[in-house]
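What follows is a single structure, written as structure tokens, with notes after it.
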Amino acid sequence: MQKLNRSFFIRDVLKVAPNLLGKILVVKTSDSVIRTMITEVEAYRGEEDLACHASKGRTPRTEIMYHEGGVIYVYLIYGMYWMLNFVTGMDQNPQAVLIRGTDGANGPGVLTRKLKIDGSFYGESLFNSERIWLEPETTDHTIITRPRIGIDYAGEPWISKPWRFLLS
DNA sequence: AGCAAGATCGGT
DNA sequence: CCGATCTTGCTG
């Protein structure tokens, strides 16, 4: 099966995020290969988006978001959950898609635990990696949008943007 | 150097 | 609703 390539990721995050729904996420661990379908994502778009970590500018943590699309941004939240993000868009244009749900794993912290995703994936390429990549979907589906979760601190208008995408 | 908050989750 | 658990970025 072919992997999604560079051109898929260098588009604007609001294009990439919904297009990720239905795609197959493949993760190889030392003793298994897990294949799961992406069912829910959220878009974080640029320094102006106050819900986006890049709204604080370049920091050691957000540095990877300024990279061209196609690399992984992971970070630890509440001291125990790894959040998996795919960087999108052009170089120096910080954007990322948070993977919130996959087939059989609801919640961003739940799915990373199941897929054994941790800090070692920070900066890894999605189209040039031996242990994690994406494959095209095989079925049609319908997409619905909702506001993003857990970003009350961002205030309006960001809190109301319908930038969470999920399969209906 | 110290501190408050956090793109969460599971149990009560 | 509440605690777990620790990194991060900001303040001083």
Side-chain angles (χ1 to χ4, degrees), chain A residues 4 8-23 25 27 29 34 36-126 132 134 143-168:
Chain A
L4 294 189
F8 177 87
F9 299 100
I10 61 176
R11 297 173 297 153
D12 188 272
V13 69
L14 294 180
K15 284 288 214 178
V16 179
N19 275 1
L20 279 168
L21 298 176
K23 297 292 190 292
L25 176 60
V27 181
T29 61
I34 301 176
T36 187
M37 185 177 72
I38 296 174
T39 58
E40 181 175 358
V41 301
E42 277 177 0
Y44 289 86
R45 190 170 186 268
E47 293 183 342
E48 62 172 13
D49 176 7
L50 296 186
C52 181
H53 290 164
S55 62
K56 294 173 177 168
R58 282 178 186 272
T59 67
R61 182 172 68 158
T62 64
E63 181 63 32
I64 197 65
M65 292 179 104
Y66 290 80
H67 192 279
E68 164 182 281
V71 293
I72 290 177
Y73 167 42
V74 277
Y75 65 91
L76 189 66
I77 190 69
Y78 298 113
M80 53 187 111
Y81 302 109
W82 292 102
M83 300 288 102
L84 172 64
N85 297 254
F86 301 156
V87 173
T88 67
M90 312 262 279
D91 186 40
Q92 305 307 309
N93 193 345
Q95 309 183 331
V97 179
L98 169 67
I99 309 303
R100 289 200 68 93
T102 60
D103 212 19
N106 229 325
V110 172
L111 71 91
T112 52
R113 203 174 53 204
K114 194 165 183 174
L115 298 174
K116 296 192 169 69
I117 301 291
D118 59 22
S120 71
F121 283 81
Y122 184 94
E124 189 136 337
S125 167
L126 280 163
I132 184 168
L134 289 158
I143 296 171
I144 60 178
T145 64
R146 292 287 185 276
R148 293 172 292 180
I149 293 177
I151 57 155
D152 289 358
Y153 59 85
E156 296 293 357
W158 312 107
I159 197 173
S160 298
K161 297 279 187 189
W163 289 356
R164 179 159 61 105
F165 304 88
L166 53 162
L167 296 179
S168 67

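Protein chains get the first letters and strands the later ones, always in sequence-line order, with residue 1 at the start of each.
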Please list, chain by chain and in numerical order, all residues satisfying salt bridge (charged side-chain N to carboxylate O under 4.0 Å, His left out) with A/Glu40, sequence neighbours excluded.
A/Arg100, A/Arg164
Just to verify, what does A/Thr29 make a side-chain contact (heavy atoms from CB on, under 4.5 Å) with, not counting sequence neighbours?
A/Asp31, A/Ser32, A/Lys116
Under 4.0 Å from a heavy atom of chain A: give me the 5'-most and 3'-most nucleotides of DNA chain B that qualify.
B/dG6 to B/dG10
Using a 4.0 Å heavy-atom cut-off across all strands, classify A/Arg58 as base, sugar-phosphate, or nothing.
nothing
Dot-bracket for DNA chain B, please. Rules: Watson-Crick or G-U, both distances under 3.5 Å, ( ) within the strand, [ ] when a pair crosses earlier ones, | for another strand, . otherwise.
||||||.||||.
Residues that A/Ser125 engages under side-chain contact (heavy atoms from CB on, under 4.5 Å), provided they are two or more places apart:
A/Phe127, A/Asn128
Those residues of residues 85-110 of chain A lying under 4.0 Å from DNA chain C by at least one heavy atom:
none
Give the minimum heavy-atom separation between A/Arg148 and A/Asp49, together with the two atoms involved.
NH1-OD2, 2.7 Å
Just to verify, what does A/Arg61 make a salt bridge (charged side-chain N to carboxylate O under 4.0 Å, His left out) with, not counting sequence neighbours?
none
Report the residues that fulfil side-chain contact (heavy atoms from CB on, under 4.5 Å) with A/Tyr81, sequence neighbours left out, ordered by chain and then residue number.
A/Ile77, A/Met83, A/Arg113
Using 30° and 60° as the class boundaries, would you call the ring planes of A/Trp163 and A/Trp158 parallel, tilted or perpendicular?
tilted
For A/Gly69 and A/Phe9 the tightest heavy-atom approach is C-CB, 3.6 Å
Tell me which one of A/Val41, A/Leu4, A/Leu25, A/Val16 satisfies side chain to side chain contact (heavy atoms under 4.5 Å, CB included) with A/Phe86.
A/Leu25
Between which nucleotides of DNA chain C, read 5' to 3', does contact with chain A run, using atoms under 4.0 Å from its heavy atoms?
C/dA4 to C/dG9
How close do A/Met65 and A/Ala96 get, heavy atom to heavy atom, and via which atoms?
CE-CB, 3.5 Å
Taking every non-hydrogen atom, the tightest pair across A/Ser168 and A/Ile144
CB-CG2, 3.6 Å
Give, ordered by number, those residues of residues 68-82 of chain A having at least one heavy-atom distance below 4.0 Å to an atom of DNA chain C; if nothing qualifies, reply none.
A/Leu76, A/Tyr78, A/Gly79, A/Met80
Between CE of A/Met37 and CG of A/Asp103, what distance do you get to the nearest 0.5 Å?
5.0 Å
Selection residues 10-22 of chain A - residue pairs positive for side chain to side chain donor-acceptor pair (under 3.5 Å), sequence neighbours left out:
A/Asp12-A/Arg45, A/Asp12-A/Gln95
Run the side-chain contact (heavy atoms from CB on, under 4.5 Å) test against A/Asp118 and tell me which residues pass, sequence neighbours left out.
A/Trp82, A/Ser120, A/Phe121
Provide the distance between the two P atoms, one in B/dA5 and one in C/dC2, to the nearest whole Å.
16 Å
Taking all heavy atoms of A/Ile38 and all of A/Leu167, pick out the closest pair and write down the distance.
O-CD1, 3.9 Å
